[in-house]
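We count residues from 1, following the sequence as given.
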Amino acid sequence: MHASVGRRTVLRGDLPAAADARRAEAAEIAEAYRNAHRGDDHAALVAAVADALADLDAADARTAAVRRQVSRGYVRAGAPAADERA
């Protein structure tokens with residue numbers, strides 16, 4: 001088998017240690033979902049994807065909240081004075 005790392009395709013045996021550790025973590029998570037759904041691979045996959053999408057939505061909401069805070073900070077502080085820009 002092969003995997004894509006960046007723009008380079010490498011053999012699985014050549015994966016960097018971090019990618020290999022991530023793959024092992026993913027296998028553990030997949031097995032936990034499979035066990036939780038009593039071996040029903042389809043139900044486990046659907047649950048994992050639904051959880052991932054919920055996590056993504058939560059991360060997007062946090063990012064949007066931070067952007068609003070940063071934007072308000074710039075508005076409150078105003079533009080820097082001419083002598084502060086240099």
Side-chain angles (χ1 to χ4, degrees):
M1 292 295 289
H2 67 278
S4 182
V5 177
R7 292 179 179 249
R8 193 175 135 232
T9 299
V10 296
L11 296 176
R12 276 210 181 131
D14 296 337
L15 287 175
D20 200 31
R22 182 66 68 151
R23 181 171 299 282
E25 182 182 14
E28 258 184 69
I29 293 168
E31 189 62 28
Y33 273 98
R34 189 170 189 268
N35 289 338
H37 291 277
R38 296 185 173 104
D40 184 346
D41 291 337
H42 183 262
L45 177 62
V46 170
V49 170
D51 287 350
L53 290 172
D55 288 347
L56 186 59
D57 285 344
D60 286 345
R62 286 190 302 272
T63 300
V66 168
R67 285 186 180 150
R68 285 191 302 274
Q69 291 297 332
V70 169
S71 178
R72 288 183 187 140
Y74 283 123
V75 170
R76 287 184 190 143
D83 58 334
E84 292 176 4
R85 289 184 201 155

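For Ile29, the side chain to side chain contact (heavy atoms under 4.5 Å, CB included) partners at least two apart in sequence or on another chain are Glu25, Tyr33. Every residue two or more places apart in sequence or in another chain was checked for a side chain to side chain contact (heavy atoms under 4.5 Å, CB included) with Ala30, and none qualifies. By the side chain to side chain contact (heavy atoms under 4.5 Å, CB included) test, Ala36 is found to be paired with no residue, residues two or more places apart in sequence or in another chain being considered. Applying the side chain to side chain donor-acceptor pair (under 3.5 Å) criterion to Asp41, with sequence neighbours excluded, gives Arg34.
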Donor-acceptor contacts, no H, no angles, side chain residues 52-62, under 3.5 Å, sequence neighbours left out:
none

